[in-house]
Amino acid sequence: MLDPQLLRNNAEEVARVLRPRGYLLDVERFQDLEKDRKQLQINQQQLQHSRNQNSKEIGKLKAAKEDAAELIKNTELLGGELKSIGDRLQQIQLELNDLTAGIPNIPHESVPPGESEDDNVEQRRWGKPRDFLFEIFDHVQLGEDLGMLNFEQATKVTGSRFVVMTAGLARLHRALIQFMLDLHTQEHGYEETYVPYMVNANSLFGTGQLPKFEQDQFATDTDPRYYLIPTAEVPVTNLYRDEILESTELPVRHVCHTPCFRREAGSYGKDTRGMIRQHQFEKVELVQIVEPSTSWAALEELTGHAETVLQRLELPYRVVTLCASDLGFSSAKTYDLEVWLPGQQRYREISSCSNFETFQARRMRARWRNPETSKPEYVHTLNGSGLAIGRTLVAIMENYQNEDRTISVPNVLRPYLGGCDRIQNA
RNA sequence: GGUGAGGUGGCAGAGUUCGGUCGAUUGCACUGGUCUUGAAAACCAGCAUACCUUUGCGGGUAUCGUGGGUUCGAAUCCCACCCUCACCGCCA
């Protein structure tokens, strides 16, 4: 949610900065609605004022045992008028709410313009893609040959875009989660957190998935409806919905491992092979709630925390700044971490680190008490994957594959696998 | 699933019997001041949010879980819904 003041006073300017995102703000419609709203509200308040005055007067008359019949009669007439104005005002408020709830965040000034992901700007690269001296395979081939990755079984028990893993691969997958949680809690100062995997509609609204992206969510048909989380960002950030934090409590840092569930509506043809795009995947998520003045430094820092994971795993990656059109709905700026996948001969997204500034905080009413003003003010929220587990596993399989079709285990993971240095058939 | 209790400001907690001067008593927390070498304590004062209006001071409207209803007037009465807590049943 944008600052309503900003929207009212500078609609043209807001429209201009949102255009690179591919969002067309209907300024005329907004201003028409605003104008009507304002006029109706003024009328309503005048009428209410008269009514309140009369009612008070009636109270006094009655207390004094005097006749109030005529005044009551006059005041009754106000009722009908108030009702019709109230109805119209409510209608307009609903339209305004729909409109404003669907407006994306304003990109930070450092966000590059651009039409597609091709316009994302590379910031830096780390590590060198390995030169293989033998024929290499992608993770699907490798996993199926090992007998530890099975998409057909998943299709049978559920449907497409799910996977079954067994033996060493399942264990490696679990080890990744443990490794990342340990790293972020022990070295980066995050608090390990466990949360519900289903959330209510308010939570999804708070982080910006609703109302616009309902079709991307899995939901129950219970009443009330619950949604399977698309990312831990939703339950973790919403811990602070309707809360006021003391400045001494900031910054808040949570690390949270959860499964994530996504419909992947609208991506039917994409990444149909393998584990890259699934309806269910694990992720270790980093979430920070910070004082507004520190959020841009926090974004760099948080991105660094995610990068550390790749560095410890010795996986080559690059960092890109998403261009305006590729930016998520709620984000002011996002860095994507892209890991090198030899099977695809390209870098693929493995983490997305964003600063939302007050956009989510406003939707959630998440605030802190600013000592300088001693008033509650909106916090800034940030999050980033640290990392997506499934894609990390894919990256390890492909980057650490050996000529004999086994997979070496990165050094830092060996303690988590009882010292095992290689995934191979028993 | 059953029964009962309850949802009020940052928190705690009155007010709901008998609808009117209740946006709301009080305590804590917080902010400013007095006092003090400094701090604490004590005392004094201030202290919800949003919107409209005003150069400013200020004025107005709404909000007591949500939505609807009764009424000239609703925190208070009526209806529906949501949520929380307690106990019982069932279950991992």
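The figures here come from the full heavy-atom set of this structure, side chains too, leaving out hydrogens, waters and symmetry mates. Lettering of chains follows the sequences in order, A, B, ..., and the numbering in each one begins at 1.
For rU49(B) and rA24(B), the P atoms lie 14 Å apart once the distance is rounded to whole Å. rU31(B) and rU84(B) have their P atoms separated by 34 Å, given to the nearest Å. The separation of rU8(B) from rU61(B), taken at their P atoms, amounts to 26 Å, rounded to a whole angstrom. The C1' atoms of rG65(B) and rG27(B) are separated by 24 Å, rounded to the nearest whole Å. Here the separation of rG69(B) from rG59(B), taken at their P atoms, is 32 Å to the nearest Å. Here the separation of rU26(B) from rC81(B), taken at their P atoms, is 38 Å to the nearest Å. The same atom, P, is picked in rC79(B) and in rG4(B); the two are 15 Å apart, to the nearest Å. Only the P atoms considered, rG6(B) is 28 Å distant from rC28(B), to the nearest whole Å.
We find that CD1 of I42(A) is positioned 16 Å from P of rG60(B), with the value rounded to whole Å. Q45(A) places its CD atom 8 Å from the P atom of rA62(B), with the value rounded to the nearest Å. The nearest whole Å value for the distance from the CD atom in E249(A) to the P atom in rC30(B) is 13 Å. Across the protein-nucleic acid pair, N43(A) atom CG and rU53(B) atom C1' stand 14 Å apart, rounded to whole Å. Counting to the nearest Å, the P atom of rU84(B) and the CG atom of N200(A) are 10 Å from each other. In this structure, CD of Q44(A) is placed 10 Å from P of rU63(B), rounded to the nearest angstrom. Nucleotide rA50(B) holds its P atom 17 Å from the NZ atom of K38(A), rounded to whole Å. Put simply, CZ on R37(A) is 12 Å from C1' on rU61(B), counting in whole angstrom units.
Proximity of E233(A) to Q360(A): side-chain heavy atoms (C-beta onward) are separated by under 4.5 Å at one or more points.
Between H254(A) and Y240(A), the ring planes lie tilted relative to each other; the angle falls in the 30° to 60° range. Using cut-offs of 30° and 60° for the angle between ring planes, the H188(A) and Y190(A) rings count as perpendicular.
Across the interface with RNA chain B, nearest-nucleotide mapping of K60(A) and Y378(A) shows K60(A) to be the residue nearer the 5′ end.
Nucleic acid contact class of R367(A) (heavy atoms, under 4.0 Å, all strands): none. Q5(A) comes within contact range of the sugar-phosphate backbone alone, with a heavy-atom separation under 4.0 Å but no base atom that close.
Taking the side chain of P376(A) as heavy atoms from C-beta on, and the options rC52(B), rU49(B), rG10(B), the nearest nucleotide is rU49(B). Of all nucleotides listed (rC51(B), rU49(B), rG10(B)), rU49(B) comes nearest to the side chain of R365(A).
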Along nucleotides 64-82 of chain B, 5' to 3', which nucleotides get a B, which get an S, and which get a -, given that the test is a protein heavy-atom distance under 4.0 Å?
----SS--BS---------

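When the side-chain hydrogen bond (donor to acceptor under 3.5 Å, both in side chains) test is applied to R161(A), no partner is found at least two apart in sequence or on another chain. Considering only residues two or more places apart in sequence or on other chains, T321(A) meets the side-chain hydrogen bond (donor to acceptor under 3.5 Å, both in side chains) condition with Q123(A).
The closest donor-acceptor contact from the side chain of S351(A) to the backbone of S385(A) lies under 3.5 Å.
Pair assignment for rU31(B): rA45(B), on the basis of Watson-Crick or G-U wobble contacts that are both within less than 3.5 Å. Applying the Watson-Crick and G-U wobble criteria (two distances, each under 3.5 Å), rA14(B) pairs with nothing in any strand. Summarising the base pairing, rA5(B) is matched to rU84(B) through a Watson-Crick or G-U wobble pair whose two defining distances lie under 3.5 Å. rG20(B) is paired with rC72(B) under the Watson-Crick or G-U wobble criterion, all donor-acceptor distances under 3.5 Å.
With F205(A) as the aromatic partner, R363(A) meets the cation-pi criteria of under 6.0 angstrom to the ring centre and within 45 degrees of the ring axis. F137(A) carries R405(A) over the face of its six-membered ring, with the cationic atom under 6.0 Å from the centre and within 45° of the normal.
Distances shorter than 4.0 Å separate none of the side-chain N or O atoms of H49(A) from OP1 or OP2 on rG60(B).
We find that E191(A) and R253(A) are not joined by a salt bridge, their nearest charged nitrogen and carboxylate oxygen being 4.0 Å or further apart.
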